2 protein chains.
Amino acid sequence: MDVPALVAQARAGRPRAVARLISLVENASPLLRETMAALAPHTGHAYVIGLTGPPGVGKSTATSALVGAYRRAGRRVGVLAVDPSSPFSGGALLGDRVRMAEHAGDPGVYIRSMASRGHLGGLAWAAPQAVRVLDAAGCDVVLVETVGVGQSEVDVAAQADSTVVLVAPGMGDGIQAAKAGILEIGDVFVVNKADREGASDTLRELNHMLGLGAPRSAGDWRPAVVGAVAVRGEGIDEVVEALGRHRAWLEERGELAARRLRRAAREVETIALTALRGRIAALHGDRRLTALAGEVARGGLDPYGAADRLVAAVTGG
Amino acid sequence: MDVPALVAQARAGRPRAVARLISLVENASPLLRETMAALAPHTGHAYVIGLTGPPGVGKSTATSALVGAYRRAGRRVGVLAVDPSSPFSGGALLGDRVRMAEHAGDPGVYIRSMASRGHLGGLAWAAPQAVRVLDAAGCDVVLVETVGVGQSEVDVAAQADSTVVLVAPGMGDGIQAAKAGILEIGDVFVVNKADREGASDTLRELNHMLGLGAPRSAGDWRPAVVGAVAVRGEGIDEVVEALGRHRAWLEERGELAARRLRRAAREVETIALTALRGRIAALHGDRRLTALAGEVARGGLDPYGAADRLVAAVTGG
C-alpha cells in the first residue's frame, strides 16, 4: 500500500481513502507509524466534539441532527462512533448506526464506527488516531460519539475540544449516582427527549448540580444546559450555538491550545504505554515469565518481587 | 504499622487484621510490597470462584446463597464484591451489599467491597491482591463477585479457578449479543429467577449456544447449566455440586495448576505494567513530555515518533 498516495487522496476528499486510513488505525496496521507521520503536518484544523451519555438517551439521533446543522452551515463533518466495549451489550447497539443513514450520500460527511474490542490499548489509543485521519482529511468538525457506558468511553468523549453530555428525563437517579463522573466532563449538557414528562425536573436538577461543587472564579466556563428533541431537530441550533460559545471562550483564554497540548501529551503517553505493554506481551510463553509465575503460584515469591524482575527484563535495567 | 504482626493476626482469623490488609491493597499502600511478600508463603490454599453477569440478574443474592451453602459445609468463605467502574451506574448498586448482611455476624465469613475507581491499573491489579489476603487468612473458598458490566469486570471474574456466569429469563438478546464475551468464560451458568416466565426458553437457548462453537475434544469440560431461584435458595446446592465437579475435572487433568500458573503470570504482568505506567506518569509535567506534546499538537511530530522518545526516556534506552 502506498501511504503517501493514500494520504494525498484522503486530503483530496476521497472517501475510500479516508476509510482505508481509518481501517489502518482499527487494525493497528504496521503501516500506522508511517501513516501518522504523513498525516501529522495536516492536522490541527478540526474542532473535536465528544458526545456521551447513558444508553437510550438518543446519542445517535443527536449526533445525526448535529451533523445536519453543521452541514447546513457549510462545514465538512466527520463522525466517529465508538462502539461499546461492554461484553453484555455487545453489538446490540450497532443498529442505531442506521439513523445516520440520512447523511450517507453526502460527500461532506464521513461516518465511521469503530469497535473497541481487541485493541492493544483499547479505545484510548485508537480513537485519537482516527480523529487525526478525519482532521487531515479536511473535516472542520469531528464528532466523537461513544456508545457505551464504561469509564474508557467517557475518557474518549472527554478527550475533545468540547464535550457534550446527553441525559434524558427520568434519569435523575443516574445523574445523581454518577455526578462525579459525568458532571465534570460536560461543557454542554443536553436534556434530550425534552417533550417527555419530567424534562423540566431534569433540567432543574442538572442546573442545580452544576451550580454546586467547587466555587468557580468569575472567568470560568459555566456549562450550558439545553433542552432538545433531537428526533425532531428541536433545540439542535441551541446546542450548536452553545458549542460555538464554548469554543469562543476556549480561544479567548488560550484554553483551546492548552486542552490540545494536554490531549497530545495523553496521546503520546498512551502510545508509549502500549509499546511497553507490547514488550511485556512479547514475553508471553517466555521462560522467564513462566518461571516467575511458577514461583508465584507456589508461594515462593510474591507477585511484586516477580514484577520487579520482569520490569528489569523489559527495560534492560 | 507492623506488617508481620498484622499478617500473623490475619492468619489467626482476626477480622480486623484481614480488613486492614485489604485496605492496604485498596489504598495501594507503600507497605503493599512488604505485605505481599509476607503473605506469599501462606497462599495457594483457597479455591477462587468468580461470579459475573448483567445488572439485575441477582448476583449479590446468589453470592449470599452460595456463602450459606459453603458455610453449612463447614468451609471458611471470603467474599470480594468488586464494585462497578461505570460512571453512569456509579454507586447505585452498592445498596445490594446489604443482602449480605445475613452473614455479617459469622466469624467464618469475610465480606469486602472493593471500589475500582482511582486505582492505578484498576481492578485487574487490585482484586488478585485482595484475593491473596483472603487466601492467606485461611479462607477455603473465595467468591469474587463483580457488580458491573465492563470488560475489566468480566476479566476479573474470569481470573478464577471456576467462573460462574449468571443470566436471567428474558435476557436472551443480551446473551445473543454478548456470547463471544460471556459464553467463553463461564464454567457454570446459572439461570437465576428460574421461576419467572421464559426461564425454560433461556435454559434451552443457553444449552444450545454452549453446544455450538468449536468442536470440543472428548475430555473437554462441558459447562454446566443450572436453574436457580437464589432468593429462596433453590438450585444453590446444584450450583455447588456443579462447581465441585468442575474442580474435580480441573484437578484430574492438572488444569487447576495450569490455570493458576496463567493467573500468576497475568498478575505479574499487570503489576509490571502498572510499574511502567507509573514511570510514565512520573513524567507528567516533565519538560520532555510537554515539549513532545507541543510538537505533536503543532503537527511537527507524529504521536508515534513522540512516543518512541518517551519510551526511550522511561527505559533508559
Side-chain angles (χ1 to χ4, degrees), chain A residues 32-33 36-37 39-44 54 85-92 129 149-151 154 173-174 177-178 180-182 257 260-262 264-265 267-269 271-273 275-277 280 289-290 292-294 296-307 310-311 314-317, chain B residues 32-33 36-37 39-44 54 85-92 129 149-151 154 173-174 177-178 180-182 257 260-262 264-265 267-269 271-273 275-277 280 289-290 292-294 296-307 310-311 314-317:
Chain A
L32 202 51
R33 283 172 164 272
M36 289 303 147
L39 292 174
H42 312 296
T43 57
S85 57
S86 165
F88 291 116
S89 55
Q129 305 311 314
V149 298
Q151 185 62 50
V154 168
D173 291 347
I182 65 168
R260 290 181 170 184
L261 187 63
R262 285 196 297 272
E267 207 181 327
V268 171
E269 280 183 273
I271 293 171
L273 195 60
L276 290 170
R277 187 182 291 155
I280 287 186
L289 179 56
T290 308
L292 287 169
V296 170
R298 281 191 302 276
L301 180 66
D302 73 286
Y304 286 84
L310 193 62
V311 168
V314 168
T315 61
Chain B
L32 202 52
R33 284 174 162 272
M36 288 302 147
L39 292 173
H42 312 297
T43 55
S85 57
S86 165
F88 291 115
S89 54
Q129 306 310 314
V149 298
Q151 185 61 51
V154 168
D173 290 346
I182 67 168
R260 288 180 173 185
L261 187 64
R262 284 196 297 272
E267 206 180 328
V268 171
E269 280 182 275
I271 293 171
L273 194 60
L276 290 170
R277 187 182 291 156
I280 287 185
L289 178 56
T290 308
L292 287 169
V296 170
R298 280 191 302 276
L301 181 66
D302 73 286
Y304 286 84
L310 194 61
V311 168
V314 168
T315 61

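No experiment lies behind these values; they were computed from the predicted model shown. Convention: sequence-line order gives letters A, B, ...; per-chain numbering from 1.
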Sorted by chain and residue number, the side chain to side chain donor-acceptor pair (under 3.5 Å) partners of Arg262(B) (sequence neighbours excluded) come out as Glu255(B)

Note: Leu261(A) and Thr290(B) closest approach over all heavy atoms is CD1-O, 4.0 Å

Looking only at Ala264(A), Pro303(A), Gly305(A), Ala297(A), the option with the highest number of non-hydrogen pairs under 4.5 Å against chain B is Pro303(A)

Answer key: most heavy-atom pairs under 4.5 Å with chain A among Val268(B), Leu292(B), Thr43(B), Leu32(B) is Val268(B)

Output for pair (Asp302(B) CG, Ile271(A) CD1), nearest 0.5 Å, gives 7.5 Å

The interface call for Ala275(A) against chain B, heavy-atom contacts under 4.5 Å, is side chain

- Looking only at atom types and distance, does a side-chain atom of Arg260(A) sit under 3.5 Å from a main-chain N or O of Gly44(A), one as donor and one as acceptor? yes

Applying a strict 4.5 Å limit to non-hydrogen atoms, the region of Leu301(A) in contact with chain B is backbone

